[in-house]
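Heads up, the thing below is written out as structure tokens.
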Amino acid sequence: MDLTTIKAHLAGIPIPEIRFFNSITSTNDFALAWAETNAPDMALIIADEQTAGRGRFSRRWLTPPGAALAFSLVIRPSTSEQTCLPLFSPFTGLVISLAIEEITQLKPQLKYPNDILLAGKKCAGILVEAAWQGNQLKAAVIGAGVNVMHHSTPPPGEVLFPATSLEEETGFPLQREELLATILRHFFSWRSRLGTDEFMAAWDQRLAFRGKTVSISLPSGMILSGTVQGIDQEGALLLQLNSGDIRRITIGDVHLRPS
Ligand code: BTN
């Protein structure tokens, strides 16, 4: 992976600035620091290797050299986007799924709120972080990691949820730069639909565990068990509890497991 090849693949996609690193601690860390200064909307940071990649809940995210797609985007959200900021996570899950579908013809599913699954195993994750100045949102940083080659999949002992890679599921080699370009094309094409009914329907259509019983640990430590019904108009997960009541789970810090 190198900057020239990346730029060749991104020709025609309006990315204003790109920073490429053979090795970096975390593309999200670089993006957050850059967001504090002059990073424009849709500035892209991409690395072949991350030595301190981060996942949600401060977990480690492995990005060994030559194996995965790891990138971050700096977003300067418009006023209307600021009203639905948490939706950028599932939004990125959706556009990555669309890109995987386009390239592999496989049908990824979205584990609420934003993990991407193939054959019931995680192949990509998203970490959205915000840069604030007082009450004012300066930027959102969207970080995404996709397990592309076989050796990008973390060892089973390292992960709570089973993992896989695109190559493992397709059986053929894939080019990371092509995947990146396809993701970014979908990102641009869908961005104006963030929060719309069309976006919710596309997300709902790909929702994993529909009709299945799952356990959800809430930030309070409480564990809820119920059957997944779908996504509502505000992006909350609808869970039918054993009592028959429907409980809305909002994006927050949801930690969902099949029971
Ligand atoms: C998760 O599933 O917990 C989220 C994983 C997010 C990983 C990506 S890789 C690029 C960016 N840089 C990081 O340090 N993390 C995100």
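If you're wondering where the values come from, they're calculated on a predicted model, not measured in any experiment. Computation of the quantities below employed the complete heavy-atom set of this structure, encompassing side-chain atoms and omitting hydrogens, waters and symmetry-equivalent molecules. One-based numbering, in listed order, for ligands and for the atoms of each.
- Checked by distance only, ligand 1 and Lys122 come closer than 3.5 Å through their nitrogen or oxygen atoms.
- With a 4.0 Å heavy-atom cut-off, ligand 1 is reached by no atom of Phe57.
- Residue Arg60 places its CZ atom among 12 or fewer non-hydrogen atoms of other residues, nucleotides or ligands, all under 6.0 Å distant.
- Atom 12 (N) of ligand 1 has its nearest heavy-atom neighbour, among Glu129, Gln50, Arg59, Arg60, in Gln50.
- Considering backbone and side-chain atoms alike, Arg56 places an N or O below 3.5 Å from some N or O of ligand 1.
- Within the 4.5 Å cutoff, no side-chain heavy atoms of His9 are placed close to those of Leu180.
- Set against the non-hydrogen atoms of Thr27, the atoms of ligand 1 under 4.0 Å away are 10 (C), 11 (C), 12 (N).
- Residue Ser26 approaches ligand 1 through these ligand atoms, each under 4.0 Å from one of its heavy atoms: 12 (N), 13 (C), 14 (O).
- Interface of Asp115 with ligand 1, defined as ligand atoms under 4.0 Å from a residue heavy atom, comprises 2 (O).
- Taking the six-membered ring where the residue is Trp, Phe199 and Phe91 present tilted rings, their angle falling between 30° and 60°.
- Every atom of ligand 1 with a heavy atom of Gly53 under 4.0 Å away is listed here by number and element: 14 (O).
- Listed by number with element, the atoms of ligand 1 under 4.0 Å from a non-hydrogen atom of Phe71 are 10 (C).
- For the side chain to side chain contact (heavy atoms under 4.5 Å, CB included) test with Leu174, the passing option among Val146, Ile103, Ile100 is Ile103; the others fail.
- In terms of protein heavy-atom proximity, atom 15 (N) of ligand 1 is closest to Arg54 O, 2.7 Å.
- Electrostatic pairing of Glu102 and Arg185 does not count as a salt bridge here, judged by no charged N lying under 4.0 Å from a carboxylate O.
- When only non-hydrogen protein atoms are considered, atom 5 (C) of ligand 1 lies nearest to Trp61 CE3, 3.4 Å.
- Taking every heavy atom of Gly55 and a limit of under 4.0 angstrom, the matching atoms of ligand 1 come to 1 (C), 3 (O), 4 (C), 5 (C).
- Of the residues Leu238, Thr213, Val214, the one that meets the side chain to side chain contact (heavy atoms under 4.5 Å, CB included) test with Val228 is Val214.
- Using bins of under 30°, 30° to 60° and over 60° for the plane-to-plane angle, the ring pair Phe187/Phe88 lands in the parallel bin.
- In this structure, a donor-acceptor pair under 3.5 Å is absent between the side chains of Asn147 and Thr153.
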